[in-house]
Structures are given as C-alpha cells and as structure tokens.
Number of protein chains: 2
Amino acid sequence: MSSADTDTSRRVTIRDIADATGVAPSTVSRALSLPDRVNHATQQRIQQAARELGYVPNSQARALTSGRTRAVAVLVSDITNPFYFDVIRGTQHQLSAAGWTQLLVDTEESAEAEVAALSAVAGKADGAVLTASRLSDAQIARFAERTPLVVVNRRPPGVPSVLIDTPGGVEQAVQHLVSLGHRDVLYVAGPDSSWSNERRWRALVRVAKRLGVRVARIGPHAPFVDSGAAAADAAVHAGATACIAFNDLIAIGMLTRLRERGIRVPEDMSVVGCDDIFGADFCNPPLTTMTSPIERAGRVAIRMLLGRLDALPADEVPGEHASGAVALPTHLTVRGSTGPAPARPR
Amino acid sequence: MSSADTDTSRRVTIRDIADATGVAPSTVSRALSLPDRVNHATQQRIQQAARELGYVPNSQARALTSGRTRAVAVLVSDITNPFYFDVIRGTQHQLSAAGWTQLLVDTEESAEAEVAALSAVAGKADGAVLTASRLSDAQIARFAERTPLVVVNRRPPGVPSVLIDTPGGVEQAVQHLVSLGHRDVLYVAGPDSSWSNERRWRALVRVAKRLGVRVARIGPHAPFVDSGAAAADAAVHAGATACIAFNDLIAIGMLTRLRERGIRVPEDMSVVGCDDIFGADFCNPPLTTMTSPIERAGRVAIRMLLGRLDALPADEVPGEHASGAVALPTHLTVRGSTGPAPARPR
DNA sequence: GTGAAAGCGCTAACAA
DNA sequence: TTGTTAGCGCTTTCAC
C-alpha cells in the first residue's frame, strides 16, 4: 500500500538522516540547529536528506534537552470579549512569524484559574503574556521570577509591560465633549478588579479638573454588552448628557437600551466608548470611541517576550529596558454617538 | 533568600518525590499515572509528597515517552473573523474542562500554511480540529491517517466532521422571505474556496425550486465587512429586493453601504445573513440571520476528537461512528433587516 | 506491589 | 569539523 522504501508508520528521526547520510546523529542535530558549526558540504547533504525523508523535528524531545519549547502561552480573562480577539490576533501573528506556537488559555476572570494556568504552563511554554491579569502585582512579580512574563495593561514593578494609553484617550474624549458644549461627564465604570478601569477614572478626574468639567461615576458594570442596559438606565437616572464608558461593550449595550427607551443618541445623550472593538463602527449609531492599537499591543508584547528569551534580534525588541514599559498611543475616533450638549440641562 | 530546604531553582521531578518517600521513581510514576496499580497507602504517601514539594509533571518528558501531548491544535483560516471566535471559545472551553491544552493556529486562508501547520503540529498535538480547511478532501483524508482529525463544515469521506446545518437555515430563510411576499431572492456568494458557500447555494436553489421562487447569484465576495459595499452595489444593480448573504460579515457590510446610498432596509431591500456572529444584533438595522450553534460546534468537535483519542468516556462522545458526521441545527432569527417585498418590483 | 533498567528523540559537553 | 557519550524527565517492560 505504501512505497517500497522504509516503514511509513514511524516518524523520521535524526537517526534516520544520520544513517542515510553516513554521519553521526549529533552532526545531523548540529546541521539542523547550528548550521554554521558544520562543514558546508555535509550540512547541505544533511538538509537535503532531511527534506527528502520528510523529517519533522520532535519538539517534545527538543524541549526536553534544550529546556526550550518555542511556545508561549497567552492568557486572556474572557475569550468571549472581542477586545481579546484583537490581542490574540496580534500575538498569533508575531508568534507565527517567528515560527513559535501559541498556547491560548482562558482564565475566565478567575485568579485561581490564572494561577493554575500559569503553573501548568510553566513547563509547556517558555514564557507567557498576561492580558488583564486578576493577580496582585506581587503575585505577578513572583511568577515572573520563574517564567518570563509580559503583561498588558498592568504595571507590576520589574515586569515588562505593554500599556495602552487610554488616559491620553480620555483627555481627547473630554476635550471633544467640551468642544460640543458638555460641562458634565459621567463615567460608566467597568469591573473593580480591572486595573484599566481605575486608571481611566483617575485620568478622567484629572483632566476634568483641568478643563473645569464636573464628573460623576456609576458602576461597577461587568464588561458585557448586556450590562449596558442597566448602565444606560442608571445614566439616565443620574441625568447625564454625556457618558464615557469603560469599554465599547458597555457603550454598545447602552446605545441599544437608550434606543429602546426612546432616548436619542447623540441628541439627548452623548456616549463615548473605549477600545474601538469590532462592531463599534457599525452599531447604531456608530460609536465615538478611543481607538486602541489592540492588535499592536499583542504584537509588541510578543516581541518583548521573545526579546527576553533571546529569540529576537535586539534591534527588533521594543522598549529600552528588559523590565520597562511600552506605552502605545490611543486616539479618539469620532462617530455618530456624540453630539452637542442639549440646550439646557435636563 | 529562599527557604532552608533544597534548591529552589530546579523544578521538582519524580526523582525528588522518590527520594523523599523512599520508593523508586517508577513507583512514583505509577502512583501518579495509574493509581490503582499501586498499594493504596504508598500511593497516598506519594501523592502527599508530590503536593508538598509542588510537583508539576513535565509534559515534554511525558509526551516523549508516552507519545501523547494532551494538546490539540485548532486551525482557523482567519483569526480576524468573528465566526472563529465562537468556535475557539467552544474548543477552548471543552479542552480546558478536560485539562488539555489548545494550540491556536491561523492559516491565513492559505493551503500551504495549513499543510505546514498540520505537519508541524503533528508532534506538538495529539490531534487537530480543522475549521474551514482550504485543503482537498483527499489531502485531509491523507493527514487524517497520521493525525486524528475532526473537521468543521466539511465532509471528507472517512474523517469525522461537525456540520452546521445551514441548508436547513436557508430553507427557513426562504420561507420567511416568501411569507413577506418576496418571489425573487439574490444569493450574495462568499469565496469559491468555501465548502459552505456551495452548500448554501445548492440548498437555496433546491428550496427555491420547491417554493417557486426565482434565484440569482452574485459574487464571489471575500468574507469581510468591507466586501459588503461592492456586494450591496451589485445587488442594487441587479434589482434585488431580497438578498441572502453568505455570512453576516458581508451582510453587515451591505447594510452599511445601503444606508450610505439611501436605500432603506428592509423597505427597499431585505437582507438575511448567516451565522449570527457578534454584532448581528446591534448593527443597523439589526440583522435577520441564520443563527448557528458555532460555539457548540467547537465543543462537539473537541468531544469527538477526545473520543477518538480515548480521552473521553464513550458516552460523552457525540456521533455514532468514529468517522461519522454530526449535524447541528440552525434556526432563523428574524430582526429588522427583513421586511415585506416592495409593492412593485423595481 | 515494587524496583531495576532501558529508552523515547534530541542536545550538549567532551574528545578525537 | 565530527563522533562519542551522557543525559533531559518520564513511562514501561521485565524481573523480583
């Protein structure tokens, strides 16, 4: 049923190549992993044979001896959230470009699951990217001692991180609202456990003070579209005419609820989201939001991690220091969901 | 800096446990992997020690001897497409429930990348799920001989598959349009390389014939929101009053374009999508679409695969035969994008 | 029921 | 430059 040559069912190993080319297995190993340390001619012969025999290196065996898996784990807190899709897209892209494997783990918003994953993953991957960790800075730092880590949207001391500069976006958003005549802004908060949530709120308070804008806050709200309904009701009850929501999911949910209640956006209420996820441009009305380079954050995180693992030339690694932070700029994308303040406060 | 006991920097191995408990490494191995084949008392002692020492099995070493990685690869053709998010969510869920690892691979719509990934993955995973493969049935079957495979929305002979019954959904969609007075339906085709695309078109032709509806087809269109603009223009040019789009991405893009052009949906044109992805409910107007159990498809695919790998009790494995197909029902979700046919054909 | 020993496929000293 | 020799941590015969 198969061709006349050797057994088809067994995978080709470096031994097979060694036999075929008349060299020692170690030479084959070198020819494949450190080509410069082998006579050019034999190197060619070996690689040729490898190709002909259909050799595929056994990554398990390789990992066992070298201690390196050429895989990295990417932990997300909720695989359901479109924000992470973009992150994953970025990490995936950068990893496959480097020939590495991505292990995707959903921690489901649970710190225990995160700890479990991080411990389990230690042997399976050479490093990990934490997006939206639910752990304390100290815990993260502790794990980082054993496993190279890069965190997104967190700033644990000593651990390299990628920050999306939403505070900068908040400033633009408030200025935009001010330019439309708004003097009151309501912050629709996300989960208390979110680092970004506090960061955005503080940025809002700071900017508002400077621009003479009054701010208030409602929440916390879970980061789902469905949470938007309650948020919208609360915003209306608070008499708000301009809201900045923790993220686009909540903002989109608010839009839907406001429409149901006959409250016009932006005529009666302006809504600003955060992140510019898939859907923010085609919801109704289209959402003004802080566009974050989410995919880029994923790519940068991987580049930093690969840099730390010496798997990337130094000049391709972002950030000056190994434990430094890289901040990616955000910009406001104005769409239909924001408009002039109503003539008189309601 | 660390506690007084042994070296902190090295990972705990079964040898350490063996030393600590005074048994042989092989006994530790058994106690951990095949607990029934060990004296209950010593088994307890060993597991206790393992816990105390913080033992984490080295999956590489385990894989090397056992030949099993307890990981599965999930290949998607475009990680950008929200359809796959739901699939990934399903696979991730089912895998982590079983304590397995998910390797996520984006083949970027390329058959070569898929082949490369499939070969590379062979050693890293015990099996793979192909969602939207770009390979031929024969190629898939060939890979399936070496690596346990489950395919989604394909039907290569001999390879277990999970099918989302969009033909059934097409029937409901056409009946819905007929009930609104439409007698002409335009199919807005997806990519030629898509198996589902042909399947949906054929189902449409069949149903239309039975119900006395005229059908036409435009396309192919790439499965992106951005493709929807050209599709909408073509549909308008064709004088269509009711369209069924290959998927929601195209349908949402059409909605946007029609609105730009001042063509009212559903008054001037009814649009039906397919899949019910994230966003279909909050686009403008909300999209009537065939709701597919996408996440469930992912879960079912993993269960079938784990079943084939003997990693799941037989009674939890869907489908009668190892190489059978499981079809998941679809249903039509009617929202604002469909309405009565215009009084007279335009 | 438990231990000794071999070896999975590969890499990394160390010699030659 | 190449071959020899040891393992990496674990599972798995095969004895005992």
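A note on names: the letters A, B, ... follow the listed sequences, proteins ahead of strands, and every chain is numbered from 1.
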Between C1' of D/dC10 and CG of B/Leu34, the distance in whole Å: 13 Å
Is the phosphate of D/dG3 approached by A/Thr27 (side-chain N or O, under 4.0 Å from OP1 or OP2)? yes
Of B/Gln43 and B/Ser66, whose closest DNA chain C nucleotide lies nearer the 5' terminus? B/Gln43
Atom pair CZ/CD1 of A/Arg134 and A/Ile140 - distance to nearest 0.5 Å: 10.5 Å
Taking atom P of D/dG9 as reference, at what distance in whole Å does atom OH of B/Tyr55 sit? 10 Å
Calculate the interatomic distance between A/Leu64 atom CG and C/dT11 atom P; express it in whole Å. 11 Å
Can you tell me how far P of C/dT2 sits from CG of B/Asn39, to the nearest Å? 4 Å
Do A/Arg70 and A/Asp126 pass the salt bridge (Lys or Arg N to Asp or Glu O under 4.0 Å) test, and can you show the C-alpha distance, the side-chain angles, and the key distance before you say yes or no? CA-CA 6 Å; A/Arg70 292 177 63 85; A/Asp126 294 340; over 6 Å; no
If you round to the nearest 0.5 Å, how far is CG of A/Leu104 from CD1 of A/Ile79? 4.0 Å
Can you see if the side chain of A/Ser26 gets near the phosphate of D/dG3 - specifically, an N or O under 4.0 Å from OP1 or OP2? no
To the nearest 0.5 angstrom, please state how far the CG atom of A/Asn153 sits from the OG1 atom of A/Thr131. 9.0 Å
To the nearest Å, give me how far apart CZ (A/Arg70) and P (C/dC10) are. 15 Å
Should the side chain of A/Thr42 and the base of D/dT2 be counted as holding a donor-acceptor pair, with the cut-off at 3.5 Å? no
A/Arg30 has a side chain; which of D/dT12, C/dA13, D/dC8 sits nearest to it? C/dA13
note: B/Gln44, atom CD; C/dG1, atom C1'; distance rounded to Å ~ 16 Å
Need one value for A/Arg15: base, sugar-phosphate or nothing, where a base atom within 4.0 Å counts as base even if backbone is also close, heavy atoms only. nothing
Please report the interatomic distance CD1(B/Ile46) to OH(B/Tyr55), rounded to the nearest 0.5 Å. 11.5 Å
Whether B/Ser33 contacts D/dT11 is assessed here as follows: a side-chain N or O lying under 4.0 Å from the phosphate OP1 or OP2. Is that the case? yes
Send over the distance from A/Arg62 CZ to D/dC10 P, rounded to a whole Å. 21 Å
Please report, rounded to the nearest Å, how far the P atom of D/dC10 is from the NZ atom of A/Lys124. 13 Å
